[in-house]
Undergrad: 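Supplied in structure tokens, the structure appears directly below.
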Amino acid sequence: MSEMIIQMQDMNKWYDDFHVLKNINLEVKKGEKIVICGPSGSGKSTLVRCINRLEEHQNGKIFVNGTELTNNLKNIDLIRAEVGMVFQHFNLFPHLTILENLTLAPVWVRHETKDQAEEVAMGYLEKVKIGDQALKYPGQLSGGQKQRVAIARALCMKPGVMLFDEPTSALDPEMVKEVLDVMVGLAEDGMTMLCVTHEMGFARQVADRVIFMDEGQIVEEADPETFFNNPQSERSKEFLGQILH
Amino acid sequence: MYKWTKNPESRSLPAGEAMAKWMKKNLFPTPAQSMLSIILFSLILKMLTPFLDWFVYDAVWLGSADDCRQASGACVAFIREKFTFILFGFYPREYLWRPIAAIGLFICMLWYSKEPSRWSKRLVRRWVVYVFLWILLMRGGMFGFELVPSNKWGGLPLTLMLSFVGIVFSYPFGILLALGRRSKMPVIKAFCVGYIELIRGVPLISLLFMSSVMFPLFLPEGVVIDKLLRAQAAIILFVAAYMAEVVRGGLAAIPKGQYEAGEALGLSFFQIMRLIILPQALKIVIPPTVNTAIGMFKDTSLVLIIALFDLLNTTKTALKDGNWLGFSVEGYLFVALIYFIFCFSMGKYSRRLEYELTTSRSH
Ligand SMILES: Nc1ncnc2c1ncn2[C@@H]1O[C@H](COP(=O)(O)OP(=O)(O)OP(=O)(O)O)[C@@H](O)[C@H]1O
Ligand SMILES: [Mg+2]
């Protein structure tokens, strides 16, 4: 079982009276790439955010790398150290340079020296092809560049799994590809990935499994070929009809 | 920022012509605006002439109180006579160099500290050293400096001390209150909300009164806390509540995503606050923060009701001198000018700071 990096067992979440996530069961193996899709409001973001405790689940269990996610702060820290996250709106720190954005957490959380952290950070910036922007501020970059910085920032913490919540939805169309290319590269390097995205090309290219959610439930779970060519449920057919038309 | 002198066209013009062009563009672009300009200029002239008459032509710069009474202009001689008293109160004349040195050093320290690039732990240490120097100079009682108790202090040093110490302590205290007000822990939150609302609900005068009249009643017999110190504490407690509300505005302006990004990276709550949220929030609220600081600088004059001799009180006392009665316009104008210089500098510095901190990281 040690190769299971994420396990959710009968997980439920409510916002007050509103039952957002219903009986979620999900297992992700090391190295697996999973794409989550579904209509707006179906609970995709909430599901992903429960994994690193940006949202709290009310019952059921979540394990990350064998550690159970509870209110124990030590467990939360362990899990957050293991999980990297990329947001739809980048959430870079506007008052810090790109390089400082990348080194902040390694220095303060992992207690690396500034030099060590900067060396690692420059490595990742090269990898996402923006090494020359290291001393600029986020406000001086384009959306696509910002999102690549955000990916590099998460990677600097050497996470075992990366969560993406619609990483390309806030981008102009011409910038989507540069971000997806980085994500494909990451997948090829063997990173475990959970991506909420509607980029079906990306899903076909890298996903091991596609998970379709609706109204807080996992409705369908299949490999991309089966899911796109032969969807089983009515709702997923309807959804695919809408986004592929 | 666009400056007309930067335009290469106008730069190549001779000065007079450039000036004419500027005036045409800025003062007389349309008939209606030309009319407004002319009306305003004539109004200014109309007010300026009587003021010049009063302040220069008919004024008594050197002379006695009687000379002043016979003249129709300003009695600058009064200011000359009372200059030392207004600025330094009852501080012993033979040691007058000490407050002068303290203020001189203070202004040097401020000047040195104004560059954000110099803000470091070292600067804080230098200020700590300076505070000891201030105490040594103003109070003495050690290293061969004659003791001058705080009830002899007055004028500008007193006003500067009350304001500066007030700002330095109320700012961090205000930040803590603002953080507490947003806390999820009900006891802390209730305390902070209660404190802020209570303090904002009473005038500073009442706090000063309590500090000078009521507070000593609660102390065990024999324990005496300096009146100046008590007034200083009252000012800090008062201004902190206002600072807290200013800071809260800044905190509210930071998007939730900034907290979430910090949490996802594994930073603790305090690290997120210190490294991500506060640096942004405090920068946003520089203008209202300085506004509050300016307000408090002037509010320190209220200490006159508990008989501390700040700048305004020394002026009022000078005006009561039987030999020099009737020159309150001169006295108040003079003290207003001093207040204005400090407040204006604070406002100007705030705009520069804001500009510098935002241009280096445009977003
Ligand atoms: N903080 C909150 N409080 C109350 N309800 C919320 C909150 N956050 C989300 N919701 C609700 O929970 C549901 C699921 O939201 P979620 O953001 O997970 O959906 P999503 O699938 O990511 O949608 P989208 O594709 O629009 O991002 C929505 O109906 C939303 O209105
Ligand atoms: Mg979402």
Side-chain angles (χ1 to χ4, degrees), chain A residues 45 48-49 51-56 73-98 100-111 135-141 146 149-150 153-159 161-165 170, chain B residues 1 115-117 119-121 175 178-179 182-186 188 247 249-287 289 350 352-363:
Chain A
S45 300
V48 169
R49 291 156 59 87
I51 298 173
N52 62 353
R53 237 332 134 86
L54 292 184
E55 301 289 351
E56 193 177 336
L73 290 180
K74 226 169 105 198
N75 285 8
I76 295 179
D77 283 345
L78 274 175
I79 286 170
R80 284 182 177 161
E82 194 57 32
V83 178
M85 183 154 190
V86 175
F87 300 86
Q88 181 175 358
H89 296 285
F90 332 127
N91 296 354
L92 296 180
F93 307 130
H95 62 302
L96 301 177
T97 63
I98 301 307
E100 287 165 345
N101 263 275
L102 267 64
T103 56
L104 187 76
V107 167
W108 287 92
V109 180
R110 300 177 76 105
H111 306 291
L135 299 179
K136 288 194 178 167
Y137 286 91
Q140 298 165 307
L141 303 189
K146 282 186 203 168
V149 170
R153 178 175 72 179
L155 291 175
C156 281
M157 290 298 281
K158 312 262 170 56
V161 54
M162 286 280 283
L163 311 176
F164 295 83
D165 189 3
Chain B
M1 235 197 308
E115 302 295 333
S117 60
W119 297 351
S120 61
K121 288 211 179 88
I175 293 174
L179 291 179
R182 289 169 64 92
S183 162
K184 288 195 187 82
M185 284 175 269
I188 294 182
V247 172
L251 291 174
I254 306 299
K256 213 168 124 224
Q258 293 287 305
Y259 294 87
E260 290 177 349
E263 285 176 17
L265 287 167
L267 293 162
S268 70
F269 173 80
F270 289 102
Q271 288 171 332
I272 292 174
M273 279 301 163
R274 175 172 157 216
L275 302 168
I276 300 170
I277 307 301
L278 283 176
Q280 298 183 60
L282 296 183
K283 193 173 79 187
I284 298 174
V285 295
I286 290 175
T289 305
S350 124
R352 214 197 78 175
L353 196 60
E354 206 187 336
Y355 177 77
E356 258 179 33
L357 292 180
T358 42
T359 42
S360 62
R361 41 202 74 170
S362 55
H363 51 92

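These figures come from a predicted structure and were not determined experimentally. Any value given below was found using the heavy atoms of this structure, including those in side chains, with hydrogens, waters and symmetry copies removed. Proteins come first, then strands; the chains are lettered A, B, ... in the order of their sequence lines, and each starts at number 1.
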Undergrad: Which region of A:Phe87, side chain (C-beta onward) or backbone (N, CA, C, O), has a non-hydrogen atom less than 4.5 Å from a non-hydrogen atom of chain B, or is it both or neither?
TA: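 Side chain only.
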
Undergrad: Return the CZ to CD1 distance between A:Phe93 and B:Ile254, rounded to the nearest 0.5 Å.
TA: 11.5 Å

Undergrad: With sequence neighbours excluded, what pairs up with A:Glu82 under the salt bridge (Lys or Arg N to Asp or Glu O under 4.0 Å) test?
TA: none

Undergrad: Does atom CZ of B:Arg182 have more than 12 heavy-atom neighbours, drawn from other residues, nucleotides or ligands, at distances under 6.0 Å?
TA: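 Atom CZ in B:Arg182 is crowded, with more than 12 foreign heavy atoms closer than 6.0 Å.
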
Undergrad: Considering only heavy atoms and a distance below 4.5 Å, find which of A:Asn52, A:Leu163, A:Leu54 pairs most often with chain B.
TA: A:Leu54

Undergrad: If I measure from the heavy atoms of chain B, does A:Leu92 come under 4.5 Å with its side chain, its backbone, both, or neither?
TA: backbone

Undergrad: Is any residue of residues 263-270 of chain B within less than 4.5 Å of chain A by heavy atoms, and which ones?
TA: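 So the qualifying residues are B:Glu263, B:Ala264, B:Leu265, B:Gly266, B:Leu267.
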
Undergrad: Residues two or more places apart in sequence or in another chain: which of them pass salt bridge (Lys or Arg N to Asp or Glu O under 4.0 Å) with A:Arg110?
TA: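 Partners of A:Arg110 under the salt bridge (Lys or Arg N to Asp or Glu O under 4.0 Å) test: A:Glu112.
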
Undergrad: Drop me the distance from A:Leu96's CG to B:Gln280's CD, to the nearest 0.5 angstrom.
TA: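 Those atoms lie 7.5 Å apart.
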
Undergrad: Suppose we screen for side-chain hydrogen bond (donor to acceptor under 3.5 Å, both in side chains). Which residues come up paired with A:Ser45, at least two apart in sequence or across chains?
TA: A:Asp165

Undergrad: Contact part of B:Glu260 toward chain A, heavy-atom cut-off under 4.5 Å: side chain, backbone, both or neither?
TA: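 Both parts, backbone and side chain.
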
